[in-house]
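I have placed the structure first, in the form of structure tokens, so that the comments after it can refer back to it.
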Amino acid sequence: MPSNTTAPPGKKTAKKKGRRARLLLLVLVVALVAGIGFGGYWGVSTVRASFPQTTGEIRLDKLSADVEVKRDANGVPQIYADNETDLFRAQGYVQAQDRFYEMDVRRHVTAGRLSEMFGESQVDTDAFLRTLGWRRVAQQEYDEVLSPETKKNLQAYADGVNAYLKDHAKPADVSVEYAALALTNDYAIEPWTPVDSVAWLKAMAWDLRGNMQDEIDRSLMTSRLSAQQIKQLYPEYPYALHQPIVDKGAVDESTGKFDPKAEATEEDGTTTGDTPGSGPGGSGGGVASQLGALSEVLDTVPALLGPNGNGIGSNSWVVAGRYTTSGKPLLANDPHLAPQLPSLWYQMGLHCRSVSATCRYDVAGYTFSGMPGVIIGHNDKIAWGLTNLGADVTDLYLEKIGPDGYLVDGKVKPFVSREETIKVAGGSDRKITVRSTERGPLVSDRSSELEQVGQTAPVGNAAPDRGTGYGVSLQWTALQPGRSMDAIFALDRAKDFTTFRAAAKNFEVPSQNLIYADTEGNIGYQSPGKIPQRAKGDGTLPAPGWDSSYRWKGYIPFEQLPYEYNPERGYIVTANQAVIDGKNYPDLLTKDWGYGSRSQRINDLIESKTKDGGKISPDDMRTMQTDNRSEIATLLNPLLLKIDIADPSVREAQKLLEGWDYTQEPDSAAAAYFNAVWRNVLKLAFGNKLPKELRAEGDCINVLPAQATGPVDEQNKLVRECGERDPDSAQPDGGDRWYEVVRPLLKQEKNEWWTTPGSRTDAATETRDQLLARAMKDARWELTAKLGKDVSTWSWGRLHQLTLKNQTLGTAGPGVVQQLLNRGPWNLGGGEAAVDATGWNAAGGYDVIWVPSMRMVVNVGDWDKSRWVNLTGASGHAFHSNYTDQTDAWAKGELYDWAYGKAAVDATTKDTLTLKP
């Protein structure tokens, strides 16, 4: 190898020395990652050992006929088989080739077994996950609920994964991360099971669970804020400004079904009874301490999809053919999730060579590693997309507990208890007892009892009194067996709106907005999901568990859930806004919608494009996905320009805002300064007035841990992407809820929120303009420190950066390993609550913490003219050419051609692998 050659003395040039030094460093680093001390050759060999074979032939157990796997230059596989069992078996094999380490980590999360991979620091996280019991519910679904056909597909998929593992006996041959883990942990890979796939839906549902944190926060706010102030911080949805998804329709009283053409009656409208007051949900005594402790526990659960809250969401819209250049519908989707490496999504096609009654799949799109089928995409007849509906499907109950059970209507009911043992890599096993009420598990227990097996003394934090006092239980739809896995396969096979809705009926958890288009020119929308009906209360505060009148009395019947089919306006937009005006609908979906900034901007763009007979092209759809206009800037910037600024340095920054069009391009100095001002406005007006216990106001991403070399206290860290958050202050996150909080305040020169105490260097503020002036000054000096004194060199992209991190070793491994596994940074445009939702948290800085995790524009009926892009790439293997090969295009808002038909796939095929029986 070049690093071993010897040059004559005195003949080495500086250039050659530098090249040799770099090569030597690379070899040593790769050897470190691989955990092998035998030199550079073996290090590189270990890294490459896990790369997938993509050409030639491989024998695969249990196949009945040859299966072809065709990959394009981006490594995206298209699988062709003669029957469904072979198709899903091959899918399992191929996904394991590219992403098994990711799959393995995920299943350890869903089973509450992270400690087996990463050691003792994950015991608390595992204890909470075991308490929730995701894996137990997934097992129930598989055993009791899912159809025989679905179970057959899941088993075929698992067989394919295990065939891959059989051929890769050493963990280091599966992925380089295992090689690094082997430095400190003797870890053996277990076979894949069908339940491993089903359990992933529970993790997906957890991150899309709705308003649980809002329930806690509203309750904790009562310690410092009045009921009126809390109402101001959680304003009503602005129906007058931001239209809901469904603008017409009602439940027909005669049929009990939702009718998109029906008129609401005077009796329609959400009625849910009384909301529990600040007594049971307040901050007094043990209740507040239990809720505060629960909030801290929620912090330890890795956010697999993204930070729960306003940022979690997506855009999707569909436009009817009469408004498109193609004459057929166009459909766009881009889910907003946490940036991950590899991307959460996996692109692929699943094709029966001959579609028939016995082999019914011809589908392509995005799926999750570890799960068979396609989640979002199209088949030969229909296309569909998903966004988070945000239904309130969780309720916290405050429980009065005693040594013998919990109180309901004056009577003590016994807990249902089970014991769980948590195995710990490099440490002693732990034992917990999970206690459940009739509503769900007692989640407050997890700040208690973590005992070493064989010992009786608690380990870690001192346990609270579990005998008497208050506790907190959780009722959540995802803790009941459901049929969402059936729905995925049914969506993949659907041929029209009727079969699409039939599939959606089983998409119970998580509740999603489903948009639709077909080759006949029809467009549609369906809101599915298991959504509770409350006998009393509205789910905005923890309910008193000792009063049975706050029970769930059932679920909204699917037939009553809103839908649309070929609406008169000719398009449908879903971006986490309200589904329907609650005044026109009898059931409560939620009171914690996204506030509609993105959705209304998309509606406005469509109306602008189609005005006076205009048509929307596929490239227009792509351009709309990258629209980065800031709605809060349209409200706040005119006021900022009117502020009389005496300080020449601040005035210099203020001038950047003159003539600004409110777009947030990466090179925009105005966007950089405005967003810094907005952040400081929030900090000054609200930050010092909110209880510091409010986690959601300073939300961070909880990323997966890594086992690293070094002292024990440096190993197994749970890393939280908190940026610059002040731990002693609950700062607003700056999402579009805060747009609606600030909107009415901007019309008031004086308001209690504008009042801020002074300091040695800053005078007190009592008026809006005084506070805005101070925010402009603070932002000027903040950006001077970050970007330099010369405002002409400022840019939003330098502040607003994306770094892609491997979800384990890339967050807490040794620094040199992080450098090897991670990629970036990229300077991005876009912003919080923009259509191009490169989200950032005002509580923690400007770094990008959620993103459009993929983008697609589907040209319905002319499928090969559809386009797509993934955040990273097909491969989960660091150093593979498809690891992050799509990211540059993604960052620029570009899309790749999406081949679907056989001829188009053949034309773009780079590698062909044949799987043989």
Side-chain angles (χ1 to χ4, degrees), residues 629-690 723-726 729 731-732 734 738-739 741-800 831-832 840 842-846:
R629 187 171 184 265
S630 169
E631 181 182 17
I632 189 59
T634 67
L635 302 175
L636 184 56
N637 198 63
L639 294 174
L640 298 178
L641 291 175
K642 293 179 180 179
I643 302 295
D644 186 11
I645 300 294
D647 187 322
S649 295
V650 181
R651 173 63 183 141
E652 184 182 33
Q654 184 187 36
K655 288 181 178 179
L656 295 173
L657 304 178
E658 295 176 358
W660 180 43
D661 62 358
Y662 311 135
T663 61
Q664 301 172 94
E665 297 295 333
D667 61 356
S668 172
Y673 183 55
F674 174 81
N675 283 312
V677 173
W678 169 237
R679 182 185 183 219
N680 281 278
V681 167
L682 293 170
K683 183 177 181 180
L684 292 169
F686 305 101
N688 64 346
K689 302 179 180 76
L690 301 176
E724 302 169 356
R725 176 187 173 188
D726 180 354
S729 177
Q731 303 295 333
W738 290 97
Y739 297 3
V741 172
V742 169
R743 189 190 299 273
L745 298 181
L746 291 176
K747 300 175 183 178
Q748 304 173 39
E749 271 288 338
K750 286 196 172 185
N751 187 285
E752 60 185 339
W753 294 111
W754 300 132
T755 302
T756 301
S759 65
R760 291 182 180 179
T761 56
D762 291 292
T765 66
E766 296 182 354
T767 68
R768 177 198 64 198
D769 289 354
Q770 286 176 328
L771 187 139
L772 294 182
R774 183 170 164 186
M776 293 173 75
K777 177 182 177 182
D778 290 352
R780 174 30 157 149
W781 300 119
E782 179 188 358
L783 295 199
T784 297
K786 293 179 182 296
L787 302 179
K789 185 177 180 179
D790 185 355
V791 300
S792 68
T793 67
W794 290 1
S795 71
W796 175 226
R798 287 176 59 201
L799 275 181
H800 191 53
E832 177 59 37
W840 57 283
Y846 306 96

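Numbering of residues begins at 1 and proceeds along the displayed sequence.
Side-chain atoms of Thr765 come within 3.5 Å of backbone N or O of Thr756 as a donor-acceptor pair. Within the 3.5 Å criterion, the main-chain N or O of Ala842 finds a donor-acceptor partner in the side chain of Arg679. At least one donor-acceptor pair under 3.5 Å links the side chain of Gln654 to the backbone N or O of Ile643. Listed for the Trp660 side chain is no donor-acceptor partner under 3.5 Å among the backbone atoms of Ser668. Side-chain atoms of Trp794 come within 3.5 Å of backbone N or O of Gly788 as a donor-acceptor pair. Checking side-chain atoms of Arg768 against main-chain N and O of Leu746 turns up a donor-acceptor pair under 3.5 Å.
Rounded to the nearest 0.5 Å, atoms OG1 (Thr634) and CG (Asp661) are 12.0 Å apart. Between atom CH2 of residue Trp754 and atom CZ of residue Phe686 there is a gap of 6.0 Å, rounded to the nearest 0.5 Å. To the nearest 0.5 Å, the span separating CG on Asn637 from CD1 on Ile632 amounts to 10.5 Å. Taken from CG in Leu745 to CG in Asn751, the straight-line distance is 5.0 Å, to the nearest 0.5 Å. Rounding to the nearest 0.5 Å places OG1 of Thr663 at 9.5 Å from CZ of Arg629. Atoms NZ and CH2, from Lys789 and Trp781 in turn, are 7.0 Å apart once rounded to the nearest 0.5 Å.
Residue Ser795 comes nearest to Pro666 through the heavy atom pair CB-O, 3.4 Å, listed as atom of the first residue, atom of the second, then distance. Here the shortest heavy-atom pairing between Asn688 and Leu684 reads OD1-O, 3.8 Å. Ala670 and Leu656 get closest at one heavy-atom pair: CB-O, 3.3 Å. Annotation for Ala633 and Pro638: closest pair O-CD, 3.7 Å, computed over non-hydrogen atoms.
Checked against ring-ring contact (aromatic ring centres under 6.0 Å, His included), Trp796 has the following partners two or more places apart in sequence or in another chain: His800, Trp840. Among residues two or more places apart in sequence or in another chain, the salt bridge (charged side-chain N to carboxylate O under 4.0 Å, His left out) test is passed with Glu652 by Arg780. Every residue two or more places apart in sequence or in another chain that forms a side-chain contact (heavy atoms from CB on, under 4.5 Å) with Thr793 is listed here: Asp790, Arg798. Residues passing the side chain to side chain donor-acceptor pair (under 3.5 Å) test with Asp778: none are found, sequence neighbours excluded. By the salt bridge (charged side-chain N to carboxylate O under 4.0 Å, His left out) test, Arg743 pairs with Glu631, Glu740, sequence neighbours left out.
Under the 4.5 Å side-chain criterion, counting only non-hydrogen atoms from C-beta, Leu636 is not in contact with Val742. When side chains are defined from C-beta on, Trp753 does not count as touching Leu771, because their heavy atoms never get closer than 4.5 Å. Residues Phe674 and Tyr662 form no side-chain contact, since every pair of their non-hydrogen atoms from C-beta on lies 4.5 Å or further apart. With a 4.5 Å cut-off on side-chain heavy atoms, Leu690 and Pro732 count as touching. Lys786 places a side-chain heavy atom less than 4.5 Å from the side chain of Tyr846.
Sequence neighbours left out, not one pair with a member in residues 635-657 passes ring-ring contact (aromatic ring centres under 6.0 Å, His included).
Using a 4.0 Å cut-off between charged side-chain N and carboxylate O, Arg774 and Glu766 make no salt bridge. With respect to Glu752 and Lys689, no salt bridge is recorded, no charged nitrogen being found less than 4.0 Å from a carboxylate O.
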Report task. Decide side-chain contact (heavy atoms from CB on, under 4.5 Å) for Leu799 and Asn675; before the verdict, give the C-alpha distance in whole Å, the side-chain angles of both, and the deciding distance to 0.1 Å. Result -> CA-CA 10 Å; Leu799 275 181; Asn675 283 312; over 6 Å; no
